[in-house]
Each structure stands twice: as C-alpha cells, then as structure tokens.
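Below is one structure, written out as structure tokens; comments come after it.
Positions are given from 1 along the sequence.
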Amino acid sequence: MAFPAGTPVVTFTGTLPSAVAGTPFTGQVVLTPSARLVDSGRNAVYTGGGKVPLDSNAHFSVQILPCDAAGIEPVGWRWWVDVQPARGQRYGFWANITGTGSVDLADLTPVPAPGGGPGGGGGGAVSSVNGQTGIVVLDADDVDAEPEGATTAHAIAADPHGDRAAATAALGVHSADTTSVHGIADTSALVVTTDPRLSDARNPAAHAASHAAAGADPVSLSQSQISGLVAALAALLPKAGGTVTGDLTVDGANLTVARADDTGAYRLRVTGGGLDFEVAGLDVTVSHWQNADFTGTQSNLMRWEAAGPHLIGRTQFGTSPFDTVHDIDATTGVAAIGQKNSLSNIRFCGRRLSTGAPTSGTWSTGDTVQDSAGVLWLCTTGGTPGTWTGGATASPWVFDVTASAYGAVGNGQVVNDGAMTSGSSTLTSATANFQAGDVGKAISVKGAAATGVTTLVTAISSRVSATQVTLAAPAATTVTSAVVIWGTDDTAAIQAAVDAAEAYLAAGKTYAQVYFPPRPYIVAGPLSAAKSGNGQIVFGPIATSGVKKILEFRGEGDGAAAVRHWEQTVPQYAGSCLLSLGVYASTTAQNNSINADGNPGVISGPNEGSGYGVGAVFSNVQAVLKNLAILTTHSAYGLTYGAANLWGCANAHVENLGYGTAGTVASPSSDYTSPGTFGTGLSVGLLLPAPGNNDHVIARNIGCGGGYTYAIFLTEHAVVDRYMGLYCWAGMCVVGNYAGSVGSVHAIDVISASIEACINEVYIVGVGSSGVGPAIYANVSTESSTPNIAGNSTGAMNSALGTIRLTGLFTESGVTTSDPTGIEIVNGQVPRAIKRKTSAFTCSPIDRTLICDTTAGGAFTGTLPAADFNPVEYTFKNVGSNNLTVATTSSQLIYTTSGTGATTATVTTGQTLRVQALYNGTAWGWYAV
C-alpha cells in the first residue's frame, strides 16, 4: 500500500554491477530504520524496514522515509543499509538519508550508529549525559570521538599517529633475530615447509624402492602373513563368475546386465522416479524351462517389443495367482471371458464368413460363434460339428445399413472449390485430394449443369491427380468455387437393409429399425416405383387387415435438424446424413414422373391405395424418421427430389429431421437469393400422410434448409411442435386435398413455426371435405416485410379456416392474402390490435379496432376488405368532430338498421360501428353487430 497522504518520502536508488565485464549482480538491499517510527499526524507507525530486490540490470529504486521527515518521532534516527549482492561482497553501514528528491547508494557516506538503534550502543537507560537532560544531542567532543567524516581522513593518512617508521624497523629486527625467540633456542635450526629434505629425493624414499619386487632387497609376504586377507579374498565373487549363496543387496545403485557384443541390455534402476525394469537394444523373451537347471523343454510365454507385450499361448486372468476368471487360449482360439455373479464364461470362438451355425469342425459345449449377419450361435452339445442353437442377434429388429450383410460405406465427401469449363469433363479442386479408389464413384458438381437444373450429376471416370479427375459427362456451364459431393453409392446397400427389415416385419414382427450410423451416405440410385411409391430408397404397402407395423429409419443423435449458418460455404450434412445425387433434367421430366408415380423422395413409402391417385387407402404402417439429415441435389428451378414421401402411410412420426438442397447462403453464392425461381418446378421437401390418414401424424423438430417449391405438406391430424422453413417458394403448405386424396376434415396444429425468405409463408393446397377446410392453427414467426398467405386456387383460399398468429420482423401494412380466406391473421407483436387513424385507409387482415380521429384531417373514409369468407370483426370508433364514412369493396353492402343495406355507412361523432362478414344465401356482406 502507499504511504499515507502527505507523508514526505525520498527515492532511494542504486546499481550494483560486477567489477568484471560489468555483469549485473542479483540479490537485494535490506533497509532497516534504527527505531520504531511514529507519525502521529498521519496516524502511521513504522515498525521495521524491508527488502528491495535487484532487477535484471542490478538496479533498484524504492521510496523510503527521509531521516529528517517532519512530524516523525524520534528525531535523529538513521537507516541501516545492508547490501546483499549474490556472489558479491556483502556490506552494510548506517546512513543519514534526507531530503525529498532522489538519493543514490553511491553518494552515501557512512555515519555513526545512532544511540539505541541496531548495531548501536548498550541498551541501558540513562537520565542525563554530560550534565544534559531531556532530549540530548551529543557531538563528537561529548563522547571523545572524532567528528563525522574525520575517520575517512584518518584511514587514508600515510602516518596519522607518527609511529609507523619505528614500528616497521622493530619488526625487521625481530624477523632477523636467530637467538632465543618464543622459547626456541635457535630459530636458525627450524625446518620450513620448503626445505628440500622433506621431498621424495630424500634417502628414505630411495631406500623403500630397494625393497620392491625388482629392487636390490625385495621383501616377499604370503597371504597368511597379512591379517585377515585369506578370509577376505575367499568371500569375494570372482570377476569371471560364480555362485552367491547369500542375499545380495545393491544399495542405492542400478544393476545392469549387458550382452558381450553390446547389442542389448536390461537394467534394474532405482535412481529414477520409481522402481524400473528397463530393456535396451533387443526384445526380451520371457520363457519357462522344464528343469530347475535350465534344461529340458523351453516354453516361451511372452515377448516384450517396442510395440508392446506379445503374449504367447494361453493367458489367464484371475483375482489371485491361482484362480481363473478370464481365459484366452491362443492355441485353441477360444476366449472364455466373464464370470460375474457366479455366471459361467462365454466361450467366444470367432466369426463365420457365412450365415448360420457351423457345419464342420469339432466343437465343445459352450462354444459361441457369430455368423456373417451378426447372429450368435451356441454349441449346446459338443461334437463334429455339434448341436447348435441361436439365430437371434442382440437386437434382431435393428438393421444396420453398414453391416456386412448390406455393406453401406458412408464415405461421402464435400468440398467447395470445384471448377469446370463448359463442354469439358475435367474437374479440378485444390482441396479434394482425389484418390485412385475414387474412380467409379458418384459425383455432383453444383452449377455445372444447364440453367435451372443447376447441378451436374455423373460419375468419376478417371483420376489425373489429387486435384483433378475426369468425369463421365461434361459440364454444361462453366463454374468455379462449386460445391462438389462424391462418394460410394450406398443406394443398393441401404435398400438391402430396408428389404431385410420388411422381411422381418412380414415374418410376424411388429417393429423394425433401419439404422444409419453417423456418416455421410451417398444415395445416387435412380427413382424406383417397385414398391408402389417413387423414391431412391423405397418401402412397400402393408395390408390393412393385420396389425399396424412400425418401420423406423433412424440415425444417431438429436442434432440432425441443425440449421446451416449463413456464413457456411458448404451445405449442412452432419451426423447420420443421406446425400442424394438425383435431379430431373427438365420440368417435363418432373411432371411426367409425378403424374405416373407420385412425388419423388429419397425415402419413399407407397402411394395411397398402392397406386397413385387412389384416395383414403393407406398402407397399414407407422413410418418413423428420426435423427436423420437428408441433403438433396440443388436445382434453381425446383427440379430436385424431396427428402421423404410418406403420403400413403397411415401414420407418421417424424422427429429431429433436417433436410434441404445442397446450396449455400454465404456470399458470393446466389443459390437462395431468388426463392421465386423454385416455383418453376414441383418439388416437395416432405410429404406427411395424406388427408384421411389414421390420425397419428407427428412432426417434431423439423428443419427445412430450402431449395424446394413446397417446403412441407402438412395434413390433417398433424401436430407440429417445432418447424423451420427457409428459402422455398412456399414455406408451409396446408393440404385440403391433393393427388386424388379425400378432403381434409380435421385441423392441423403448429405450435411453433419459423418461416423466412419464402415467397409465400403459408400456402393452401386444395379444398377440404365438403368445401370446408383445411383448418390450420399456427404460431408463425417471420422476417418477411410482406408476409403472404396464398393458395393453389381461389376455392382453396375461400374454404381454409383457422388462425395464424404472426410474430417477428414483418411490416403490418405488408400482410396480405391472395384471395379472401377464412383464416384469421392475428398480429402477435402487439398486446391488442387497436390503431388510430386520421386519414382515409383500407382495413388490413390484421386490423381489428380502428379509432378514427376526424377532427384533425376532416371527414375521411375507412374501406372494408371483401366480406367473402372473412373471419375478422372490425370495429370503427369516431372520436373526431366530423363524420366517418365506412365503405365496402366490390359494391358489397353494409347492413346496419336497414334490411336493404348500403355500400357505405356513416359513423357520426362519438358513434361506434362493429361489423362482421356474413353470407346471407345470396351474397356476402357486412353486418352490424
């Protein structure tokens, strides 16, 4: 913390370089005041000093109290400066540091220790000094001392006392004296350490050499003549080897055993972080010999190599050295594992390359074998081939498309830097890293096809390099920065898994699951009508007389409906994803296909009545799509296939489904900038079961990323709890009837829908049963300034019913309907639909109460919309001083008190007119209520 405000301070600095090369010292300077200091004016007590470390340049700087600081008691205190350089000479001294500026260590002069301070005089108490009492200030004369600074002059004087010459002469006489000195009779007889008689040249050293083995008088001793030598030598182990019969301890050192050729060694090391057994150079083989003297049969048990231990033969795992819980026998090929809760081992023997139980070989009771379809078989009676039971997988209802029986690969790849030239079959990509194995794989190049078709779908004919391949078809349009999708065509493999699942259901089971592990699967096969539908992957009808079957198409995880980020430069295809490579060559081809076989889907069930155009005859199946993403080929004219067609299914449960075309939003892409062009075609992203279905239609967490004419067909009984529709000609289609179906009767409930960048937020398809409906109740959030409700006919719009609550970033005046409709549009952005009007206006579909101020602008007119099928009640309140005129559209009448009606009604000052639309058997009109 800082000194209290107003405290006088001085900056004390210093630098301590080495005298050699100026190398900076490290260390510190310790500063200690000679007394406990009290600053009563600023309420501070200083009980000690502190340390100041030297920085990297051997410099220090610190603020301290000056010894003459006003208001600090006692007076006359001093600083003890203790300089402590690491590796340098430590020194200390008392210093009188004063002033308020900066004082450097090199400028200080040592001063005497203050009385009572550290290093000062005694600690006894006195009452007076030299007759002085109270606060006593002593000078040099008072203590018979030299004044401050005189000691330095004394130290440097040549002969401050005048006696140095006499002392030097006396010392010389003493040094030359050879008579009795210090008790020695004759100092000249002393031997000094440099006396040559003390060197090896003296006679004793030369005499000792005469007794050596080659000397003139050699001395020979037997071992017995040297005390204890015989026993000591007998206890030593010869360097050439031998037997140690007692304990051997190597204390605090390592033991290394090395080969003579230095190619390998092992070491017992205790000097590391633990107890280590280390191997160097060669592998180590652990073996067992038959006999105790390392003779007989040698059995290898383990080989230690750099890659890890290699176990040989039979390996047992137990809870002690003498029991067995798991037993893996490499000799027999049997792995017996598991004994929890006193269960017996399962004896796993391997996997067959064909289906069924083993038909040859000798087997033991308890042997377990898996066949090529993943089915487990248990040998109940040993023999050749023994008796087997089984035939059921752990989850026999799951048909994994990647299982060896089906063989889906799921190796789709996506890049965004493809380039082709019109008329050329050469495709380049700097990031694709094409491999030789890519030849023959299906591929699509967005933007390289003809206008409107957009995406070239073909195959890879040859590989030129990692960045270039030749395709089976040329580009019709020059393109750069193109999204390229390629991989092994998994259509046949997935269809095989679906066929197996259907066979399982046909065998009397009620539930089957076609499972897609999280991979990108290329689906490039043609559309098939083989099972009464129209899809690349199809499933057929189930008779209505039996139990309803459940066929589920399931991926992994809940994130399949993830929304593409607007800055993504590649499509969204995460998780378990089907990448469809299929597109119609023209609108004519699309029309012909739909008219013959129904709307196409990557996954397609049968059409109604097992044939297109037969109403209210459904396949008795609940189709389930869960945790899947389906990406279809991008076409600017909406010529792509849909994600799924469940039109002929009695029930459907769709959850966590994301679908859309392989377009991108991020600049410079223009894939979705003009969603109106998708209206050129007839693509439908997702079709739920047709009107007349069996009541269970669930759509939960559905995301359409765009690229379709119609994003989704919602049908009666549908409950949608989260739906997102982007970049389509129509964001949400409400079906009254379609493709020969019956008319809808029951309502559709959309709890939450987000519809953005679509030409039509809501689109009515067909008229409901008996000219009533379809009925839609939905909460719709949009970012369109002109949200619109339209239909495929005036009749469809007229018959539609329900309520749509709009929220989001829309413009109130931009809300429109293409025709009069029975759907009430509610402004969800305001607490009450009430507005103030001061000039002429026409009522919008979201208006309700109009407060008309005729004072400021004078009399004006409010015009009602067409009364036909209009569900809105309008209220006009005149709060001004002039008359308000309420008029109609197309000469429709307003009926107030007159039974004849009129095309206008006058609302005088203070009056209210409330009207509702009614068809009176002859015409639609507005009636006051």
Intermediate values then yes/no, side chain to side chain donor-acceptor pair (under 3.5 Å), Asn788 and Asn760: CA-CA 5 Å; Asn788 181 55; Asn760 301 291; 2.8 Å; yes
Derivation and outcome, side-chain contact (heavy atoms from CB on, under 4.5 Å), residues Phe678 and Tyr708: CA-CA 6 Å; Phe678 299 136; Tyr708 303 104; over 6 Å; no
Chi angles and distances behind the side-chain contact (heavy atoms from CB on, under 4.5 Å) call for Ile443, Leu471: CA-CA 8 Å; Ile443 190 168; Leu471 306 186; 3.9 Å; yes
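A distance-only check finds no donor-acceptor pair linking the side chain of Glu552 to the backbone of Arg554 [under 3.5 Å]. Between the side chain of Thr421 and the backbone N or O of Thr478 there is no donor-acceptor pair closer than 3.5 Å. A distance-only check finds no donor-acceptor pair linking the side chain of Thr588 to the backbone of Ser586 [under 3.5 Å].
Inspection of the Tyr672 and Thr661 side chains reveals an N or O donor paired with an N or O acceptor under 3.5 Å. For the residue pair Thr632/Thr640, the side-chain donor-acceptor check at 3.5 Å is satisfied. When only modelled atom types and interatomic distance are considered, Ser465 and Thr467 share a side-chain donor-acceptor pair under 3.5 Å. Remark: the Lys626 side chain and the Asn656 side chain contain no N/O donor-acceptor pair separated by less than 3.5 Å. Between Asn592 and Gln590, the side chains place no donor N or O within less than 3.5 Å of an acceptor N or O (distance only, hydrogens not considered). Between the side chains of Thr431 and Asp417, a donor-acceptor pair is found at a separation under 3.5 Å. Checked by atom type, the side-chain pair Thr782/Glu756 shows no donor-acceptor distance below 3.5 Å. A donor atom on one side chain and an acceptor atom on the other are not found under 3.5 Å apart for Asn534 and Ser604. Judged purely by distance below 3.5 Å, without hydrogens or angles, the side chains of Glu608 and Trp647 pair a donor atom with an acceptor atom. Under 3.5 Å, the side chains of Asp721 and Ser752 contain no donor-acceptor pair of N or O atoms.
Aromatic rings of Tyr584 and Tyr641 (six-membered ring for Trp) have centroids within the 6.0 Å cut-off, being under it.
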Return a table of donor-acceptor pairs under 3.5 angstrom between the side chains of residues 722-732 and protein atoms on other chains or two or more places apart.
from: Arg722; atom 1: NH1; to: Asn701; atom 2: OD1; distance (Å): 3.2
from: Arg722; atom 1: NH1; to: Ile702; atom 2: O; distance (Å): 3.2
from: Tyr723; atom 1: OH; to: Gly731; atom 2: O; distance (Å): 2.6

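Contact between Phe553 and Leu628 at its shortest, heavy atoms only, is O-CD1, 3.5 Å.
A heavy-atom distance below 4.5 Å is found between the side chains of Leu657 and Leu686. Two residues are said to be in side-chain contact when any heavy atoms from C-beta on lie closer than 4.5 Å; Val453 and Leu639 meet this criterion.
Pairs of residues two or more places apart, or lying in two chains, never qualify as salt bridge (Lys or Arg N to Asp or Glu O under 4.0 Å) while including a residue from residues 635-647.
Under the 30°/60° scheme for interplanar angles, the aromatic rings of Tyr521 and Phe516 are found to stand perpendicular.
Salt bridge Asp371/Arg352: absent, no basic N to carboxylate O contact under 4.0 Å. Lys531 has a carboxylate O that lies under 4.0 Å from a charged side-chain N of Glu502, or vice versa, which qualifies the two as a salt bridge.
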